[in-house]
Structure formats: C-alpha cells, structure tokens
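Reminder, nothing fancy here: chain letters follow the sequence lines and each chain counts from 1.
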Amino acid sequence: MIANTVEVDPSDRVDPLDRTVEELVAQRPKTLSEIDTHYCPGCMHGVAHRLVAEVIDELNIRERTIGVAPVGCSVFAYNYFECDFAVAAHGRAPAMATGLKRVMPDKVIFTYQGDGDLASIGSAEILHAAARGENITVVFVNNAVYGMTGGQMAPTTLVGMKTTSSPYGRDLKMSGAPLKMSELIAQIDGVAFVSRRSLHSPAEIRKAKKAIRRAFEMQLNGQGFSMVELLSSCPTNWDMKPVEALRWIETRMVPVFPLGDFKNSVPKNSVRGV
Amino acid sequence: MIANTVEVDPSDRVDPLDRTVEELVAQRPKTLSEIDTHYCPGCMHGVAHRLVAEVIDELNIRERTIGVAPVGCSVFAYNYFECDFAVAAHGRAPAMATGLKRVMPDKVIFTYQGDGDLASIGSAEILHAAARGENITVVFVNNAVYGMTGGQMAPTTLVGMKTTSSPYGRDLKMSGAPLKMSELIAQIDGVAFVSRRSLHSPAEIRKAKKAIRRAFEMQLNGQGFSMVELLSSCPTNWDMKPVEALRWIETRMVPVFPLGDFKNSVPKNSVRGV
Amino acid sequence: MQHDVIFCGFGGQGTLFAGQLLAYAAMDAGLHVTWIPSYGPEMRGGTAHCTVIVSDEEIGSPLVRAPSYVLAFNNPSVEKYELLLAPNGVLIHNSSLTSHAITRAEIRVVPIPASDVAAEIGNAKLMNMVMMGALLQCSQMLPFEAIERALEAHMSTRRPELLALNKRALQRGVELAQAQSAGLGVEASA
Amino acid sequence: MQHDVIFCGFGGQGTLFAGQLLAYAAMDAGLHVTWIPSYGPEMRGGTAHCTVIVSDEEIGSPLVRAPSYVLAFNNPSVEKYELLLAPNGVLIHNSSLTSHAITRAEIRVVPIPASDVAAEIGNAKLMNMVMMGALLQCSQMLPFEAIERALEAHMSTRRPELLALNKRALQRGVELAQAQSAGLGVEASA
Amino acid sequence: MASKGRIVIDSERCKGCELCASVCPHHSIHMAETFNAKGYRPAVWVDTDEQCTGCATCAVICPDAAIKVYRQVALRAVPSGV
Amino acid sequence: MASKGRIVIDSERCKGCELCASVCPHHSIHMAETFNAKGYRPAVWVDTDEQCTGCATCAVICPDAAIKVYRQVALRAVPSGV
Amino acid sequence: MPKQLLKGNEAIAEAAIRAGVDAYFGYPITPQTELLEYMAKRMPELGRAFVQAESEVAAINMVYGAACAGKRAMTSSSSPGVSLMQEGLSYIAGSEVPVVLVDVMRGGPGLGNIAPSQADYFQMVKSAGHGDFKPIVLAPATVQEAIDLTGLAFDLAEKYRTIVTLLLDGTLGQMMEPAELPPMRPMPAEMPAWALTGAAGRKKNSILSFRMEAEDLEAHNLHLQQKLAVIADEEVRTYEYMLDDAELIVVGFGTAGRVSQTAVKQARQKGIKVGLLRPITLSPFPDRRLSQLADEARGFLVVEMNAGQMVEDVRLSVGGQAPVKFYGRMGGVVPMPDEILASIARLDQATTKAPPTYKIEGPLVPLTKAHEVTR
Amino acid sequence: MPKQLLKGNEAIAEAAIRAGVDAYFGYPITPQTELLEYMAKRMPELGRAFVQAESEVAAINMVYGAACAGKRAMTSSSSPGVSLMQEGLSYIAGSEVPVVLVDVMRGGPGLGNIAPSQADYFQMVKSAGHGDFKPIVLAPATVQEAIDLTGLAFDLAEKYRTIVTLLLDGTLGQMMEPAELPPMRPMPAEMPAWALTGAAGRKKNSILSFRMEAEDLEAHNLHLQQKLAVIADEEVRTYEYMLDDAELIVVGFGTAGRVSQTAVKQARQKGIKVGLLRPITLSPFPDRRLSQLADEARGFLVVEMNAGQMVEDVRLSVGGQAPVKFYGRMGGVVPMPDEILASIARLDQATTKAPPTYKIEGPLVPLTKAHEVTR
Ligand SMILES: Cc1ncc(C[n+]2csc(CCOP(=O)(O)OP(=O)(O)O)c2C)c(N)n1
Ligand SMILES: Cc1ncc(C[n+]2csc(CCOP(=O)(O)OP(=O)(O)O)c2C)c(N)n1
Ligand code: SF4
Ligand code: SF4
Ligand code: SF4
Ligand code: SF4
C-alpha cells in the first residue's frame, strides 16, 4: 500500500515557499486490475486482494507469479489480478499449485482460498501441501462462513453463530468447535511460515501486509510452505453493516482465532526476487 | 488378553498336594473369529485385532459394536471380528462411522485404519470427524508404508526410508517429513483422547491395550472422539524378519513417533458399557 | 387464459416478494401458477427478477421469452424488458425511478410514480405494492380481494400495522392505473 | 505352432521368474510370446502362477483355459491343474514336494524330483530351473541353448557363480525328463 | 495553511461501505447524498478545516482501492537517473 | 517340580513368525523343523527344564492368537453360584 | 392437505421428511443449497440426523454409513459435487444399501455455472461411478411430481436395495408452484435383517462391496443385473401428452419436457399431430414404450438441455424405425417453447408418412451451430 | 530399437517418458501401481516431476496444475481412483488443457476386486465427469500398442487440448510381451501461448472452466462439441482382422478384442465367415465403419468384460440393420476363446443371410444367466 520507494506523480505540485512536494503515497497497485470487483460493499476480500497485489508489486515478481483462485466469492480473483491465474476446483488449489510449482520451480505460485475451500472440502490438500513442504504461498481468507453460496456454516464458524445451515446457532455437540487451521498447519515440519492476521483495522491491515510479504519472501528463498490466514468479514451473510462487521471480527473472532505468527523460520539468504 | 476375571477352564487339572489349580490365563478373545487371517507371518495387524477384540470382550459390548474396516491389508477385518462390520471406501471410514453413529448414538462405532487410509487419502475425513467431536473410536495402525498395494511410501514413511515409490529413500525436499497424526489430531477441540502406542514388545502391547480400552471407554462415556495410533510392522514390505521388524519399530519409528497420550480428557461418570 | 408476468428491479426492492404474492393469490384463487426467480452469485445488490405465470390450465414452460406483462422497478429493467415484451404487452414501470425513453409503439406503457406514492403513504418499501395494484388493474387477472387475502395470509404477522399500509398501497396502484387507462381510452389486450 | 504353459507354485519358489525366463528365450528366438501373472493381495505366501504362450504367429488371447503344459511346483498346483490341462497335455510336477495322485489317464505326467536335485546341486532355489529343463526336454519348444542365453542375458550379473549352477540345474532337468520319456516310450504330442 | 494531505476518491468505484469514513482520524470523509451509477452513495472528501494529513488510513482500509492519497513532504533532492 | 505354566500352540494357525520364541524369557519356545499345512514351520513349546511360568508373554505378542496359556495358581475358593 | 406454494428444493426436503428420512448429510452447492438449509432447520427439530459434511466425498460416505444401519438416508448435491460422489455411489451400489440422492444439475463441464442444465444425464443414467451398476433415476418436472417422486424414491430404494436418484435441474429446484404434501409417514419400528445394528442374538452382519474372487464378483454382478431386469419390467414410468394420434413425438425429461409440452400444445393449435413423451424414469428407460410408438410415428424430436445424451437411448429404443431429431441448448440456457415449436415444424416438413429405411449418417454426437442433428 | 520383454504398466510409463512427459502425479492402486513405481524411479533420474499425491483427487488436480503450465502431465489409476478424479477431469475438459490419463480397469462396483475388467467403458466414454465433455479414449490390446498409443495420446492431447485416456484392463497392465520402445523425444523449447508461465512481456493468461453467463457457457460448449466433431472425422482408429469377406462381425476392445481374435481364428478354421473389428479409439467411436460393415453383415457379436456397455454404441452404429448379440463376463473374469467361439457359432446359426427387419425386444440391458443378449 504505502510504496516503499517514494514515487513522484506527474501531477505533483511543488510549493517553492514551503519547500514541500506533494507525493502520491497511496494508490491502486499495478498488479490489481482496473476492473471493479463484484464483492459486496465493505467485503474485506477487496483489501486482501490489494495487499497481495502490493506485495507482488514491491517484490517486483508480477511477471513470474501465478495465482490459483478457489471456488468461493474470490473465484473471480483471476479477473482482478494482473498476473497469470488458474481457477482450481473447490478446495483443490493447493494441489493445483503443487502441479504448477513442480514443473516451474522458479516461478512464484500462490493460492487464494476461503475458509470453506481451505478448511472444509480442501483440508486434505492443504494439509499435504504443507506436509510436503511445498514451496508455495497460501493466502487464506477466513470470514467464518461460506460467502458465495449464501452464508452457510464453515469449519471456522464460531460456536453459537447462526448461519443458514446452523439456524439454531453452531452447536458444539452437533458440529464441534471452529477449526484453527493456522495452529494445525504450523505443527507440520515442512512449513516455513504461518501467520494469522486480521483485516479489521488499518493497523491490523498493515501487519497483515507484512505477513503476506514475509510469506512470499519465504517462497522466494525456497524455504517451503508459507500461509497467511486473514480474518475477514462477510457483511452480507453476517447481516451487518461493514463497519459493524469489522468490529465483530475484533471482538468476536480474534478471541477465538488469536493473531500472531505460529511458525516463522529463520530467513535463508536474501530475497531472490527483488 | 489377560482376562480380568479368572476363568476356570473345563480342562483344569487340580493338584491336591500343591493346592494349586491351573487357570487359563490367555486365549483367543470371543470377539475374534475362528478364521485364520491372511496377514503375513509376524504382521502386527493380528495383534492389533486381538487387542481390540479383547477390549470389546472385556467391556462386554460385542453385541452393540459396529466396526468399519478400511481399504488396506485390514480390509478383511470384517471377517476376523465377530461383530457387525462395514467396509468403507479407502480413507472414508470416519465418514461412514459418522453416518452409523449419528443414526445409532447408543451403539459403539469404531474404525480400524491404516496409515495410507487415515493419513493420506482420508486425512480430511479423520480431521473433520475429530473436529466435530464425533463420538467414535479410531484404531490407527501406522506401519509406515502402504502394505496391501506392495509397500509404497505413506505419509508416515520415515525420511530416507526406501519404498517401492521412494526408491531413493524418502526425500525431505520432494515428499516432506512424516506426518504425525496423533499430535495433529490432539490439537483439535472436540477430541477426547489420543494416544500413540507401539506393538514392538509385550510390554508395549500391554500398554497399547490399555489405551484402546480407554478410547472405547471415552466413547461409552459420550466424551467425544478418541483415537489410538499403534506403531506396527510390515515385515513383508520392509523386507525384514518379523523379529527384526519389531526392533526396527523400537529403534527407528519410536524416535520419530514418540509414544504417549497426547490428549486424555478427564473421565465423565462411569463406563456405561460394562 | 394465461398471463405471463415478469417482475424486475434491484435487489432489495421487494421484487421477488411481489411475484410470490401474486403466486399466492393465484393459488388461493384455484388457478395454476408458477413462480421462478433468477438466481446467481451476484444476486445481492445486482438485479433481481422473477417470472410468474398464472393460468387456468396446467402450465408447461415456467419461463417465457416474451412476457405479456412486465413490472419494471428500475431503469435497467425498463431497458431490458421493453425489447422482450410480447406484442401488445403491457410495461408497467416505476416512473419515480425510471427515465428510459420507450420506443416500441405497439406495447402499452403504464408509468406509475410508485416510489413517490409509497413515500407519501409513509414507507418507500411499499413501492412494490403500488406497482402490484397497477398490475391488477391493467390485467384484471385476479380480483383485488384475492391479493388482499394473500397479503393477510402470507405476510409476516409480526407487524400487523403494515398490513393496512400495504392494502393502501395496492389501492393507490389500482387508482393510478385506472387514471392511466382512462387517459388512454381502450385497454390493450395482452 | 503354439505352446501354452502354466507355471505354478508357492510364492518364493521362483515361479514367475521361470516363466519370464522362458518368455525371454522365446523372444530372443524371434518367436511371439506373452507372459502373464496372476496378481492379488494374497500374492505373498499364497499361490503364484503365470501363463506363458509361445507361438510362431501373433498371439490373441494371453490366457488359456486348458494349457498344453503345466509346471507344478507344489501339491495344490497339481490338484488344480490336473483338471485344467488340455487333452494329451503334459503335467510336469516337482515330485519332491507333491504327493497328489493323478487320475486323468490321457495326459502325460512327468514327475521330476526337482527340489531334491536342486538341493544336491547345492541350492534349493534352483528347483525352478530343474523343472524348466524338464519342460524344454518334454516340449522341445526351444533349443536348450536359447534358455542358456536368456539366463546369461537377463539374470542379475551380481553373482556370476550362480549362472553355472543354474545351467547345471537346467541340464539335470533335461536329463531327468529324458529318462522319463525313455521309460514312457512315445512322447505325447500336445 | 493548506492541509498536509489530500485524497482523491474514485466515486464510480466506491461502493459506499463507509469504512474509510469510519477510520479517518480527522473525520474528513462523508458519504454523498446522491447515488453513483452502481446505485451506491459514494464517499466524499470534505476537508473543510484542512485537517487531512495524508496519513492514508482511509486508503489502507478501502476494499475497492478507490482512494489515492497525496501528501506534502519536505522537498528533497529528487533522485536522478535511476 | 513341574512348570508353573504351560502353553498350547495351535500349530495349524501358527505362521512361524518366531515372535513368541523371541520374547519367551525362558526360551521355552522353538521352531519346528517340519511344515504345517500352510507351509510354515510352527512354534513348539519345549519346556524340558520346566521353566515356563505361564507369564503369557508369548501369547501377548502372537499375531495369530495361536497360543493358549495355562498357569498354576494357588487354590482359592472357587466362587460358587455366579 | 391443502395446496401450498412450494419451492422445488424445499418441497423435496419436506417430502423426504414426510417419507421418514432418518438422516441427511450434505454439502452446500448452488442450485440445491435450499434443500440442505431446509434440512438444517427441520431435522434437528424432529430429532433426526443432520450433518453438514466437510465435502461431498464425506457426505456420500456418511449416507453410506447411515444406510448400513438400515436407516433412510439421503444427500443432495449438484453436478461437481455429484462427480465427487462417484466412488461412494459405486460402493453403495455394490453393497446394496438403499440411498436417495437428489442431483440438481447445473451448467458444466468443470465449474461451469449455476444455471439450469441437463448435462449430467449420462453421469447419472450410464455411469454414476465405476463398475456395472445403475441407480434408479427419477426425473420430476413439476413441484408436485418432485414431492411424489421423493416418496417413491424411498420406497424403491428400500424395495430394491438400490440408489434412487432424483435428477432435476436448477429451474425446478428454484421455482415455486402450488403442490400438496403427503402426510407424515410413521417411522418403521424395525430395521431390516441385513442392517448393521449390533450382532445381538443373531449372527454378525457384514456390509461390503468387496468380492475378492472374480467368480464371486461375477455372481454378484449377475445378481445386480437381474435386479435391473426386474426393475426394467416393473418400474418404468412416463408422462404422456396427446400421444393418441400423434405422428410426431417429442421426447424430453424434466424442464425440457415441460417446456416441450407448451410447444406441443402450440403445434397442435397449428394442426401438427404431435405428442409428448416425458420419461419419468430415466433408468429404467421407457424403451419398450418408445419402440411401440415407433411402429406408427413419423419421427421423433428429442429436446434436452445438453449436447444430446438421452437421445442415444431414444435412438436405441426406436431402433432405426423412424428418424430421431435432436434439439438442445447448453450451458444453462433453457430452451423456449418457440424454439421447440420451430423444431417440431421442421420435423413435420422433413418426414413423410411412410417411415424411410433409416440409417445413421455422420458422427454420433456433433452438434451443428443450430444445436440440431438428424440421425 | 530391439524388442524388449515389457510389462504393460511399465511399458506405458517408459513410453510416456520417451514421449516427453514432464510431470507425473499419482496414487497407488492395483493393478496399475507398477506404473507409478516406475515413474518414482525414472522421473527423478531425469530431473522431471514426480509426486505421489495424497489421493486421486489431489493427483488429478496436480496434473491440472502442471498442464496449465503447458507441460506434458499425466496420471494413472484404476476404477475407484478414476471415480475420484471425475470432478478434476471435468474441470480439465472445461479448461481445455492437455492431459493424459491411464485407467487400468478392475472389477467393480465399489471396492470390487483387482481382477481385469472393462466395466468402466461408460465411465470413460460417456461420462468421465459432469457436463457435456468427452475425452479421447484409446484402447490398446497389446504391449506394443500400449506403447504406440501412449505416444499418440500426448500428441492428440496437445493437438486438441483435450484429455486423452488410455483405457485398458489389469490383464494388459500386468502382462509382458516383446515390444519396441521409440527413441526419446526432444523436449519442446517453448510453452504454448495459452500456458501460465508468468505474464512477462505479454498479457496475463487465465485458465478456468468457469463461465458465469449461460450464453457464454453455451458458446464454450458448442466450441467443445465442434472440436469433438473434428476429432470424430479425423481420429477414428480400428484394428481389423479377417473382415474382407466376413458375414459375422465380432466387436471387442482391449483384452476382450484380443481374446476374440483367437476365437475368430478358430471359427474360421471351422469355416464360419467371421471377422473382428477391434476399436482402438473408443471415443471417437468407429460408428461409420460399423455402419458400413452393417450393409453386408449378417450379424454382430459384441464381446466385453462387463454387463454390456460398448454394445450400445455398436447398436447405435449398426442402426437396426443387423442383429447385435452380446457376450460378456464380469467381475474380473476374462472370457476364454472357447466361450466366444461358441457364441459365434450360435450367432452363425441364428442369423440368415438376408438381414431381417430388426427390432428391439425386451429391455435394453438385462443379461440372462448365460450373459448373452440378442438385441
Ligand atoms: C465440489 C463443489 N462443492 C460445492 C460447491 C459450491 N460452493 C461454491 S463456493 C462454496 C463455499 C465458499 O466458501 P468459502 O470458501 O468460505 O469462500 P467465501 O465465499 O466465503 O469467500 C461452495 C460450497 C462447488 N462449487 N463445488
Ligand atoms: C480410491 C482408492 N485408491 C487406492 C486404492 C488402492 N489401495 C488399496 S489399499 C491401499 C493402501 C493401504 O495402505 P495402508 O492404509 O497404510 O494400510 P496397510 O495395507 O499398510 O495396512 C491403497 C492405496 C483403493 N483401493 N482405492
Ligand atoms: S458474500 Fe460475503 S464474502 Fe462474498 S463478496 Fe459478499 S461480503 Fe464478501
Ligand atoms: S503386507 Fe505388511 S501390513 Fe499387509 S499383511 Fe503383510 S506384513 Fe501385514
Ligand atoms: S508363558 Fe511365558 S514362559 Fe511360558 S512359553 Fe510363554 S513366554 Fe515362555
Ligand atoms: S507368535 Fe504365534 S504365529 Fe508366531 S511363531 Fe509364535 S505361535 Fe506361531
């Protein structure tokens, strides 16, 4: 978001008296396409997209990055990123990414997955990509529901939370407790980096971006599997205003899904990509 | 194995001078059928079967127990146990057990699964049965290879170990490190009991039996998901004599797969089954 | 006799509910009826429409290419369905929100300032009922009372005060359409 | 001319390898040949058998119901294949291990004490080669040298001392079969 | 004195989610009364008391990357060449 | 003095894996020279110096549950009735 | 019961509940999600089993488990989800446990889209998984039929110990129509003798699709085939419209059949002697009925929402006695009555009264731009 | 190259390597495991990609990924594993990336057994997944043919951007025969323009099977169908034996075809004028060739190791011009030449020279005890 190297905009106005110059400090990253997203107003998928695009810009890897979109609201991600993209079958993005990475080890491969996609139908694929230490990066957007299909319970739905498929609230006896994927994945040997961050405030978003950058750097360093889980909102299916939804992340989700790095390998040599 | 209540065999010989009586202290449990197994000589699937059968006998639950066999060498388990049995699709035993348990909550449901079955193709199903806190018992036989199909690499194969699908030895870069399922599953909230035991010696076998008994008791108490991982041998595909294979478990597997209880909930009321 | 009606508008304008209400009323009147929505991942915020067919015979296709009636709640709907309407079909549109100039000559166009009228009555959400009233008047496919009864039977009973307002909105729709057709002289038969 | 041979015994008796050796020899001799094993989850310890077809024409079915030759390494194999053998077929069995009484009259039965002979030569594992020698002698389907060459070409070169022993075993098989057919008079043609 | 920063909101891209307005430390963003082509009331930058510092907090939270932020910084030698 | 224990090996069930022999603390189990019907050399209990204690270690490790173990225990009142 | 205005997906769910379904396991997928959501609400209310599975693979295997207990078990999904169920379906078929599956088809291949489609006729009728098995496949065209066939599905599943699929498309899943629900059936007091209920006072039961020996598996397969033969004799169902004097016959199932009915009505108004045969059972297929009709008919028009699948079964049934034309739309496009009417008119003009000796021309499947093929 | 004695599974693996396969992903399953094991050994040796996937679901999606990079990717499996690949196959077909799949069939349904079978003809030819798509399906009957068709498979996959399946049974997978391997092909220097290789100096590429709008998906489907039409025109391959003067025609693929050849030879010795048509391409099916043969033939006998699947395509091709009999074995039983010979003899006696007006009798599928049906 905040460009590391200050970019001087052609439209900059220099005020000779104040001896100041106007710099463009925030704009759409180049790796984000100009197309408007179909995401609902206030849906943090948009922020997650932008952060990934900014990291790709900063690491200057757009031309050798291939993304894998999931099935979920972000199935359209291929449309929104200005880099090569594939759309995987529901849950299988890590397998597809494995196929891509194994034949092109010098390319940067990332998946972008929702919680239904990654933690439910695709749980075997994420587990084994991690176990193989697959040198890919996973951006995991946890919004506690299945967004695209209309707000059903996800493995990450909070206990007591009402969804269209848990109309009485998620019941511990019937459906168990939320799955904490970051904690689980971090257990696995081949994993280089796992971090859970939240998108509920500008400060947290800045931290999330750092984590995403670190995850991509891990891959560039050949250090193995890296994943960033992002707590995100689904105002539509939560039936909340966007602002309210972010507060809900902070007050309700963060206590269940604590933020932090769950695995953070020592960097190898320097980043190859920059 | 060792009957808790001493059973007096009709053939007992009483020696009036020594004032001793001969008791039958070890015999085939009733829940084990009379059919000879097809297991290779020295394969510890046989011991695992016997332990489960003994526990079922001791808890007196044979008539309300339903087993689910996997696809793997133990696909024939249905033949060897004197209780109702289903044979699941490869890896799906926990899903099938879920179906059985949900419609018959008063029955005792257990799965018996190999490491290919549980940790590879069936990893999503075991993870989610655990996450739901499904009140079933899982007997997980880890012999570090795919036995039935002729000794291919499993997720539990040790690094460096040669198998028919890792002819140069399991390579960390290519295939990652062995998956430690007990440690992973124990992380999950709905799980009541997870223990890893080994079958490499009589002493360890006795401990394994205790763990299996505890796992079934958890289910009988309605405490949720329970699993016992048993380190076992595959002399045929390891290309070892049975005795040698047990030593290999002890010296090579146990250091990678440490024994112990990884989760052990406080018992609820008393065991309902006895 | 078969009536094909398409209800269309933005999500949130009560498009699908209006269609369902007509379907309930037709069912209660002993007629055959089908209601079918468009559905899709972009439902929210995007366009919502549904097709209702009312008939005194068994209904084959629940979909129609050229509806005899269109209830258009917004501009994009007018644009789209002007072209699809059956020859001599009736296009009733919410003229409070629509500005699209209609070019087809042989169709009957009934502009109803439904949003404004709803706001007058006291709740912008009643727009769909004003439109429904107009449809009833133009089509005569069901007696006014049938819709009133359907409202009573199928509307959430949690807010009974709304019922009166809804009926009022329906009535105003009928009146506005009456005024229209008075102005037009003969009613086009669909 | 087509020869159908079934090799059968316990796992570990070298059944499949013997069949493959014949296949190699036939291939090297420019003949058509197919080799097909039984396969199953109970391969180990259980019964292993394979079918080899050698022909001077293209081979259709790689499987036969009634083989012209059976090389039976153990009792269960004798029992099973006695019944399946083609009329006038040849059943060569390892009489060191077999005791089953053969009832079919029109087949030719060639008992070869192959395990004993192999032990004499110095390695019980050579049993299969003794049997193979007998097959060559009875069938005359390939010259002795063809098998010798196949052995040289396709056997693991790690233990060259074994090669001589294998050849010796083959030779002994030929001799034993020769002695047999001498006793029998005319050879049955399959 | 002029504001230290200024922002440009792409009002056709804006979906009116109000997140930027909710996080702006100086309350420099309001929601329009009128609708854009998509039917949303877009955010508008109303910096009447010239408080905007160009902190980019709004841009950081905007899910539609609809905000450009400019900031006045002390003039430095502009790197030449590279 | 007779052994404290004795075992019965079902030699047709035995697959000759030798595990029992390997764990018997008194080396009371040997492998037969002859084959059973399945083609295995079964285990045999050879308790010549009457050392078998009936500890059941052999039975615990037998994968084919082919071993029955009897043990001499001090005579107690045999529970009557139940 | 009075008629209610019911949505297809929800009507099926409620009908299943009234037919006594004990357990529902499913995974969300458009356009059938309302069925799962309805079950999420109703099943716990009734103390019956509902689990949102982690995937369709898990769902079908949970169904398999519950069915092994002798309980009435069902799942529902849509095309990609049904693909994931193929292995489980094959196991269930091999094990002969009764299961009801609802497949609300959408556009394919791959992720395709969520629009209504009939592109999975082959998947359900010819190959619902590996191995020689066929479920009974029922194709409702109205909400009422969906309700009635749901009840029938459970009956047939239990009678024949087989999978019964309700095969419909998103149109029917999403539409509302007045329909009458049957009363709630009483739940059976006893489980069937083969069920896994614990071996108390009886020999143990095993349920499996495994037959190690080829001869055993062949015998088992013959048994399955013989069951199919009985089903073919007993269970064929069709919906017929204006067939009495029909010279031309339109064949279509589900939505395509329903839309065709409107076209047939319109064609009759134009004086074309055309009728509609709408197969209700796609498996068993009404081959004998079609063969019988082929004695008199001048020609057939098969209408499908795919590239031409059921048309093969129609051709097999007609056996070359009359030309069989095809009209199809794909990718989620529903054909409109006017298109079908035009196709009927073309068939009317192209065929003479005396059926010509008929012969295949060109490849079996390719569609021309106009989606029409004459065969 | 001199002939080598090669096992079917391994011959295919080596042939794929020589055809330049860049990546293999698979999961063990009998009777194809040797193929995976061979790859485990050879691929790393050559610096190419080999991954033993966690499941068949993962394997096919890894293949999908590698193929998206424009690389030659393949997998292999057997019946239950192929069922699990259905969703992935459908995505691949929808995305039009070239993929080679080897399906070594075994007995089903369900776990069935590992014995040779052809029970998945329908699964591969009619419905390899949801949606309207068809892979090219090649059916080798000898090890040499398996090698040759493996090379062809990669060529066709790339030429048409499609899935090509090698469909065989355990017999061929497990048997050894002398065969000649082709030389190692050079690896292509450049990836195709559509591949995902990083958007360097070009516009970004996207690969997906998703088409949100029904009209777009229909257009895409029409394009796929047109491709199939071209394939049907260009790529039909058969193996023919003694057809020149044949009055009776045996049709069988793979092992069943090969065994039939022996029976045909024996029948000729008895003076029966019979020939063999062994389809090498099951999809596209040699329908025109069969239709042509049907002009003269007195009758057809279809031999399969299943309950009767390809027989439907033969009937569709023959179009009622001659009776089509079926002889099948199931569950892993391979028919022997003598059984087929007997069936040929019965056909010979049952059919007269002038083909009777032929008509369907009885249900389509049921087998009698003797596994024979006359249709
Ligand atoms: C095999 C399969 N099953 C189900 C679906 C339906 N489906 C589409 S998206 C989705 C869930 C998406 O939820 P999530 O991954 O949490 O992403 P979100 O939409 O919330 O971003 C489901 C179940 C599908 N397309 N394919
Ligand atoms: C879907 C599917 N894939 C693969 C197989 C083949 N298969 C049978 S058993 C087995 C592995 C068994 O290994 P494991 O679970 O470790 O059990 P073990 O045999 O070692 O006891 C495999 C891959 C199958 N039957 N089904
Ligand atoms: S449904 Fe939820 S996750 Fe999907 S775009 Fe809307 S707000 Fe975002
Ligand atoms: S192959 Fe291995 S696991 Fe299977 S029975 Fe033999 S020793 Fe046991
Ligand atoms: S009971 Fe104990 S002492 Fe006796 S044979 Fe067995 S292991 Fe040895
Ligand atoms: S452990 Fe059992 S099977 Fe093994 S040798 Fe001893 S008695 Fe025999």
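Per-residue counts of heavy-atom pairs under 4.5 Å with chain C were compared for G:Met175, G:Lys265, G:Arg258; the largest is that of G:Arg258. Considering only heavy-atom pairs separated by less than 4.5 Å from chain C, the leading option among G:Val143, G:Leu5, G:Val259, G:Thr262 is G:Leu5. With respect to chain C, the highest number of heavy-atom pairs below 4.5 Å among G:Ala263, G:Ala256, G:Gly170 belongs to G:Gly170.
Checked for salt-bridge contact, G:Asp169 and G:Arg106 miss the test: no charged N lies under 4.0 Å from a carboxylate O. No salt bridge links G:Glu45 with G:Lys41; every basic N to acidic carboxylate O contact stays at or beyond 4.0 Å. By the 4.0 Å N-to-carboxylate-O rule, G:Arg268 lies close enough to G:Asp245 to be salt-bridged with it.
For C:Ile59, the parts sitting under 4.5 Å from any heavy atom of chain G are the backbone and the side chain alike. At a 4.5 Å heavy-atom cutoff, the contact between C:Val64 and chain G is made by backbone atoms alone. Heavy-atom distances place the side chain of G:Pro337, and not its backbone, under 4.5 Å from chain C. For G:Gln261, the part lying near chain C is the side chain, with the backbone staying farther off; criterion is any non-hydrogen pair under 4.5 Å. Residue contact with chain C, scored on non-hydrogen atoms closer than 4.5 Å, is absent for G:Thr142.
Checked options C:Asn74, C:Thr15, C:Asn75; the residue passing with C:Phe10 is C:Asn74 (criterion: side chain to side chain contact (heavy atoms under 4.5 Å, CB included)). The only option from G:Glu304, G:Glu240, G:Glu145 that meets the salt bridge (Lys or Arg N to Asp or Glu O under 4.0 Å) definition with G:Arg278 turns out to be G:Glu145.
Between C:Tyr24 and C:His154, the ring planes lie parallel to each other; the angle is under 30°, not in the 30° to 60° tilted range.
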